[in-house]
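One structure is given here, and the rest of the page talks about it.
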Amino acid sequence: MAGRDGMPVGRRELERWAAAQEAKKKDSGGLAGVFRSAHSNGSLNLADRNLDAVKGSAKKDVFLTRDQVPELLLCWSTPIGDENWWEVAELKKLDLSLNALSSLPDDLFANFSLLQTLHVANNRLQSLPSSLPSCLELSKLNVQHNQLTTLPDFICRLSTLCSLQVDHNSIQLLPEELGMLNNLDTLTCSNNQLEDLPLSLGHIRSLTLLNFSSNRLTSIPESVGELQGLISLELSHNKLEALPDSLQGLSNLTRLDLRENCLTAVNSLPRAHKLSELLLGFNKIQRFPPNLADRLRSLRLEDTFAML
């Protein structure tokens, strides 16, 4: 039984009606609210929204959901409802993670020059849009857990980038131009298929955290020793047989993870007095430098045949 305004009057009917209204709000009105809020603060969160397509053009229809709500997903600068055009802020943060996106249109970022943060992790992306360098102020890029096989060269034109996270893809090669990212502080590229690293990596003197664990690396370029600001270096689960001599010069390193490699000697360990955590388990190391354990807070040697 329902009242004159269409609302149910029974308790169970009321509960069902409320649940249906909540679902409807999430699917339609709720999304409109997300966009209106983003228009005021410049931060748009579309994470975990069951998106399987995102469309972009110079006119309209920047986004399209699986539920087809085109009236809400208009060009970013288009006001919604009673908004005024001057009330629409520039987009500075965009989160499209945890969806089912297999691609992004090439022109998607053409008008987002002030975008600072982009999260597209946990999708099915096989490539990145060529308009990404239009984001002249982009500082954080997260493309973890996708299906990328290469990192495009144009990523290296993002000169303001401070954090680049490309873990859990199928990347086989990093561009040699990577060294152009001279503001990069954090680079994580674990769980990919890298067999070697670009020599230009040593040009990124701003790096403090570097993670290449769970790849197929057999060696590390000598240029890594030029990263004097490096604090944490993760190289576990690779196929390293030796370490470059230049590694001894990493004076600010506090953590070095070399577990599960093919090392038989570690004569080139950093001599940094700050090095407090060294993980060497599951290698075949026979001998260590003298007094190494005395200057470390943590030394892990699981399944490593060693003489200290």
Side-chain angles (χ1 to χ4, degrees), residues 94 103-121 123 125-235 238-240 244 246-247 249-250:
L94 176 60
S103 65
L104 295 172
D106 270 351
D107 61 352
L108 181 62
F109 299 103
N111 297 316
F112 293 154
S113 61
L114 298 184
L115 189 69
Q116 298 174 359
T117 301
L118 175 61
H119 293 296
V120 290
N123 280 287
L125 298 175
Q126 299 179 16
S127 63
L128 296 174
S130 59
S131 60
L132 200 54
S134 298
C135 304
L136 302 178
E137 297 189 10
L138 193 66
S139 62
K140 295 181 180 180
L141 176 59
N142 185 341
V143 295
Q144 296 173 320
H145 292 275
N146 277 284
Q147 299 174 10
L148 302 175
T149 57
T150 61
L151 194 64
D153 295 352
F154 58 72
I155 290 292
C156 304
R157 288 154 49 193
L158 296 169
S159 59
T160 57
L161 206 59
C162 295
S163 175
L164 176 58
Q165 298 171 284
V166 296
D167 311 84
H168 294 275
N169 280 277
S170 299
I171 299 174
Q172 301 175 17
L173 186 67
L174 294 177
E176 185 58 41
E177 295 84 358
L178 196 68
M180 296 170 58
L181 297 175
N182 51 21
N183 285 305
L184 200 62
D185 171 84
T186 298
L187 173 59
T188 63
C189 194
S190 66
N191 291 277
N192 279 283
Q193 299 176 19
L194 296 173
E195 296 185 0
D196 51 35
L197 300 175
L199 295 176
S200 67
L201 187 63
H203 297 165
I204 314 177
R205 306 297 175 83
S206 54
L207 277 171
T208 62
L209 189 154
L210 200 54
N211 188 344
F212 288 115
S213 61
S214 297
N215 277 280
R216 301 174 181 176
L217 300 173
T218 57
S219 63
I220 300 298
E222 289 282 349
S223 61
V224 170
E226 300 174 21
L227 303 176
Q228 294 298 310
L230 205 59
I231 295 174
S232 178
L233 179 57
E234 308 281 340
L235 296 169
N238 278 285
K239 300 179 181 180
L240 298 177
S246 63
L247 220 60
L250 297 179

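Put simply, the side chain of Ser131 gets close to the backbone of Asp106: a donor and an acceptor are under 3.5 Å apart. Judged by distance alone, with hydrogens and angles left aside, the side-chain atoms of Thr186 form no donor-acceptor pair with the main-chain N or O of Ser163 at under 3.5 Å. With hydrogens and angles disregarded, a donor-acceptor distance shorter than 3.5 Å links the side chain of Glu222 to the backbone of Ser246. Checked by atom type and distance alone, the side chain of Gln228 never pairs as donor or acceptor with a backbone atom of Arg205 at under 3.5 Å. Side-chain N or O atoms of Asn192 include none that pairs as donor or acceptor with a backbone N or O of Leu148 at under 3.5 Å. Side-chain atoms of Ser139 do not come within 3.5 Å of backbone N or O of Thr160 as any donor-acceptor pair.
Remark: Asp153 CG to Leu178 CG distance equals 10.0 Å, nearest 0.5 Å. Atom CD1 of Ile220 is separated from atom CG of Asn238 by 7.0 Å, given to the nearest 0.5 angstrom. From Leu194, atom CG reaches atom OG of Ser170 across 10.5 Å, with rounding to the nearest 0.5 Å. Rounding to the nearest 0.5 Å places CD of Glu195 at 7.5 Å from NZ of Lys239. To the nearest 0.5 Å, atom CD of residue Glu177 and atom CZ of residue Arg157 are 10.5 Å apart. Thr150 contributes atom OG1, which lies 10.0 Å from atom CG of Asn169 (distance to the nearest 0.5 angstrom).
Nearest heavy-atom pair, Ser206 versus Asn182, reported as atom, atom and distance to 0.1 Å: OG-O, 3.2 Å. Contact record, Ile155 with Leu132: CD1-CD2, 3.6 Å, taken as the closest heavy-atom pair. The two residues Pro198 and Leu174 have their closest heavy-atom pair at CD-CB, 3.9 Å. What you find for Phe212 and Asn215 is that their closest heavy atoms are O-ND2, 3.0 Å. Taking every heavy atom of both residues into account, Leu201 and Val224 meet most closely at CD2-CG2, 4.0 Å. Across all non-hydrogen atoms, the minimal contact from His119 to Thr117 is NE2-CG2, 3.5 Å.
Residues Leu128 and Phe154 form a side-chain contact, since some pair of their non-hydrogen atoms from C-beta on lies under 4.5 Å apart. Proximity of Leu247 to Leu233: side-chain heavy atoms (C-beta onward) are separated by under 4.5 Å at one or more points. Inter-residue side-chain proximity for Thr188 and Gln144 is flagged as met; some heavy-atom pair is nearer than 4.5 Å. At a threshold of 4.5 Å between non-hydrogen side-chain atoms, the residues Ser219 and Asp196 do not count as touching.
With Asn146 as the fixed residue, the side-chain contact (heavy atoms from CB on, under 4.5 Å) test singles out one of Asp167, Leu125, Ile171, Val166: Leu125. With Leu197 as reference, Pro221 is the one residue of Ser223, Pro221, Cys189 to meet the side-chain contact (heavy atoms from CB on, under 4.5 Å) rule. None of Leu184, Leu187, Asn183 except one satisfies the side-chain contact (heavy atoms from CB on, under 4.5 Å) rule with Leu161; the exception is Leu184.
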side-chain contact (heavy atoms from CB on, under 4.5 Å) between Leu118 and Phe112: does it pass, once the steps are laid out?
-> CA-CA 11 Å; Leu118 175 61; Phe112 293 154; over 6 Å; no
